[in-house]
2 protein chains.
Amino acid sequence: MAHGIEDVARVAGVSTATVSRALRGLPNVAPATRDHVREVASRLGYSASPSAASLASGRTRTIGVLSPWISHWFFANVIEGAERALRASDFDALLHTFELFRGGPRRRVDPVVLRRRVDGILVVGLPLAADEVADLSGLDVPIVFVGSGPPGQILVRLDDRLAARTATEHLIELGHRRIAHVTGDPGDVLPWSPAEERLVGWRSAMTEAGLPVPDELEVHGYFDVPGARETATRLLTQHPDITAVFAASDEMAMGVVLAAADLGLRVPQDVSVIGIDGHDLGDLIGLTTVAQDAAEQGVRAATMLLDLVAGGVVPQVTTFPTRLVIRRTTGAVPVR
Amino acid sequence: MAHGIEDVARVAGVSTATVSRALRGLPNVAPATRDHVREVASRLGYSASPSAASLASGRTRTIGVLSPWISHWFFANVIEGAERALRASDFDALLHTFELFRGGPRRRVDPVVLRRRVDGILVVGLPLAADEVADLSGLDVPIVFVGSGPPGQILVRLDDRLAARTATEHLIELGHRRIAHVTGDPGDVLPWSPAEERLVGWRSAMTEAGLPVPDELEVHGYFDVPGARETATRLLTQHPDITAVFAASDEMAMGVVLAAADLGLRVPQDVSVIGIDGHDLGDLIGLTTVAQDAAEQGVRAATMLLDLVAGGVVPQVTTFPTRLVIRRTTGAVPVR
DNA sequence: CTGTTAGCGCTTTCAC
DNA sequence: GTGAAAGCGCTAACAG
């Protein structure tokens, strides 16, 4: 059962070098030889030892996938798409999560554990500090960022500002003037992070519409349901004149809807809510949102990464489209 | 930057064998030597090449995680928990997804790709055929099944029958008599699969209560929202006398709630709905459910697998508790 | 407690 | 188009 390349070579009556070439589809092997070797290999149930192959070739056929979570809509879908694309090219996905804690620092991304272990790195929505990016770059393998990444790197993402403007403008067109924004973590202030970009998009849409943007309209929801629920409860209690809330993610928008329900506010009659994502379960509450295709971003990013690994070139920034999906959580501003 | 064990050995003034021992914390190394070697290694930024180490030792410090999806609540949470536990022991998680298609066969689990690549395998909610299990066992590494697994294997799971009975009995106590069940895929009929067990639990609870279980009460929801929504739409249209639906997962229960809404039925006034899982977003619609802790099952399974890899022994079956969470989608049977 | 040495199972020149 | 042989960078006996 546990055959090595020598067994195949012996049975096929060729050298191990030829077996290696034949099985990997390299040129300079006679078609007849190739077919014969493959037949023998499959009959013997042979497949090369990944460690031995990696050690000898320096390539691992493995991609490191770095992500803060997997149990969040965006991350799960990106990773699922990426894994599918990688597998289609016979690459493995090595999963590394880095839990983000509210306000606190997360475990540093340690490049050492990825050394000689992966041929490329996919960073999924992880707001890396500049020095972490530098460390990763030091690994000397291609890196693709999905959802969030520093300028100068290969990025697959949305036009976050535009998405935020789209959401905000939708609310403004409905007549809302006191529109709050639920953003992520207070520590997440890298200028290129989606949270920051969405914040900027909201602010500029407000300002252009001649609406003031006082500090109290901006609160932190930590990109999850409970975080947004808590913070929105406080917000809506302290500022009952707020008629609409734009959350930077659908999960946070769901938290806002729950908060409204907790407070006995009707959505959208008393307060309108919009998010960003196009979460599968938004439908449950008729959540209005600016939708994106997360799985496809994962596929694209993985495909690009494989191109890079193969020595190809890919566009620096790939911007995915978004579309406004109007459902039932947004409506006209209440008359009071 | 790319130092090898020889560099460390030379700088530290010892042999490579000593470096290897010191860095891995093996016995028979003088404490002073150990500290010195570690200091030199960290100063040089050295870490062993995983391929070389694997090739020489036969161990990979990697666990293969097999799962049908990652963007489903149960799977995402189990995998997240497992990854966390593995990382805590410096093990890597290699992700392999095997998409399940409605009614159709999925890609066969191919043991060859895992050969000499992993020290253990975690099978998450994947209903493997007997021959696939046999193939995996042939890899000669420990395997732990989470959520669903054949008898005779190491399992971490719920008492699925009990969970189903709990859900069904809750509805019966509320006075319901025509209680439908939304199960998974028609092809998923392995006697030990959670779908099958839950089906049996529902049936026996019905029978014990003296309620008939005609075929039309059992429909397939494919374990996802759209599948259950479609099938429940048909079900509730054709059989308006059904007053309650027990879905084998929360995601399917959500589909049923959506179907009810599509049909203008009020939940729970016209139809009660209950699921199994304790999905984070069940709160959104006040979903009544029989809750389980998926992440913790992932942690436990990974921990057990690491024990097995280390040569330890673990219990054959670990059964996690469930608890009935009554919210707003179940209520008294309507009076007509 | 530490060093020497022989592999681990492939890939990759370099000849032929 | 094919083979011989030299590594790839470690670990694991085995000595000492």
Side-chain angles (χ1 to χ4, degrees), chain A residues 1-38 40-41 44-62 90 112-119 140, chain B residues 1-38 40-41 44-62 90 112-119 139-140 311:
Chain A
M1 192 65 188
H3 293 292
I5 197 171
E6 293 209 39
D7 301 303
V8 179
R10 193 175 334 103
V11 175
V14 296
S15 71
T16 61
T18 298
V19 173
S20 178
R21 292 187 194 108
L23 261 28
R24 287 180 300 150
L26 296 187
N28 297 331
V29 179
T33 313
R34 181 167 44 69
D35 294 347
H36 178 220
V37 168
R38 289 191 166 167
V40 171
L44 262 41
Y46 168 80
S47 84
S49 150
S51 327
S54 299
L55 182 56
S57 71
R59 269 159 268 118
T60 62
R61 295 197 77 80
T62 300
D90 270 319
V112 168
V113 303
L114 262 2
R115 268 275 299 292
R116 299 186 265 207
R117 222 189 176 323
V118 297
D119 290 345
D140 211 39
Chain B
M1 193 65 188
H3 294 292
I5 198 171
E6 295 210 38
D7 301 303
V8 179
R10 193 174 335 104
V11 174
V14 296
S15 71
T16 60
T18 299
V19 172
S20 179
R21 292 185 196 110
L23 261 28
R24 287 181 299 150
L26 297 188
N28 295 330
V29 179
T33 312
R34 182 169 42 69
D35 295 347
H36 179 220
V37 168
R38 290 191 165 168
V40 170
L44 262 41
Y46 168 80
S47 84
S49 151
S51 328
S54 300
L55 183 55
S57 69
R59 270 162 264 117
T60 62
R61 297 197 76 80
T62 299
D90 269 319
V112 168
V113 303
L114 262 1
R115 268 274 298 291
R116 298 187 267 207
R117 223 190 176 323
V118 298
D119 290 345
L139 254 27
D140 210 39

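Below, chains carry the letters A, B, ... as their sequence lines are ordered, and counting in each starts from 1. If you're wondering where the values come from, they're calculated on a predicted model, not measured in any experiment.
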From [atom1] of [X] over to [atom2] of [N], roughly how many Å is that when rounded to an integer?
| X | N | atom1 | atom2 | value |
| --- | --- | --- | --- | --- |
| Arg10(B) | dG3(C) | CZ | C1' | 16 Å |
| Arg115(A) | dC10(D) | CZ | C1' | 13 Å |
| Leu23(B) | dC10(D) | CG | P | 10 Å |
| His36(A) | dT2(D) | NE2 | P | 12 Å |
| Arg61(B) | dC10(D) | CZ | P | 16 Å |
| Glu6(A) | dC10(C) | CD | C1' | 10 Å |

With no hydrogens and no angle check, do the side chains of [X] and [Y] hold a donor and an acceptor under 3.5 Å apart?
| X | Y | result |
| --- | --- | --- |
| Ser54(B) | Ser51(B) | no |
| Arg117(A) | Thr62(B) | yes |
| Ser57(B) | Arg24(B) | no |

Does OP1 or OP2 of [N] have a side-chain N or O of [X] closer than 4.0 Å?
| X | N | result |
| --- | --- | --- |
| Arg24(B) | dA12(D) | yes |
| Arg59(B) | dA12(D) | yes |
| Ser15(A) | dA4(D) | no |
| Thr18(A) | dG3(D) | yes |

Heavy atoms under 4.0 Å, any strand shown: does [X] hit a base, just sugar-phosphate, or nothing?
| X | result |
| --- | --- |
| Arg21(B) | base |
| Ala17(A) | base |
| Ser54(B) | nothing |
| Arg34(A) | nothing |

For Ala30(B) and Ser49(A), take the nucleotide of DNA chain C holding the closest heavy atom to each; which residue's nucleotide lies nearer the 5' end? Ala30(B)

Earlier contact from the 5' end, DNA chain C, for Ala56(B) and Val14(B): Val14(B)

Ignoring the backbone of [X], work out which of [options] is nearest its side chain.
| X | options | answer |
| --- | --- | --- |
| Ala53(B) | dC10(D), dT11(C), dG3(D) | dC10(D) |
| Thr33(B) | dT2(C), dT11(D), dG9(D) | dT2(C) |
| Leu55(A) | dC8(D), dG3(C), dA4(D) | dC8(D) |
| Arg116(A) | dC10(D), dT12(C), dA4(D) | dC10(D) |
| Ala48(A) | dC8(C), dT5(C), dC10(C) | dC10(C) |
| Ile5(A) | dC10(C), dG1(D), dT2(C) | dC10(C) |

Do side-chain atoms of Arg116(B) reach the backbone of Leu55(B) as a donor and acceptor pair under 3.5 angstrom? no

Are the side chain of Arg34(B) and the backbone N or O of Arg21(B) linked by a donor-acceptor pair below 3.5 Å? no

One thing to verify: whether Asp35(B) and Arg38(B) come together as a salt bridge, which I'm taking to mean a side-chain N less than 4.0 angstrom from a carboxylate O. no

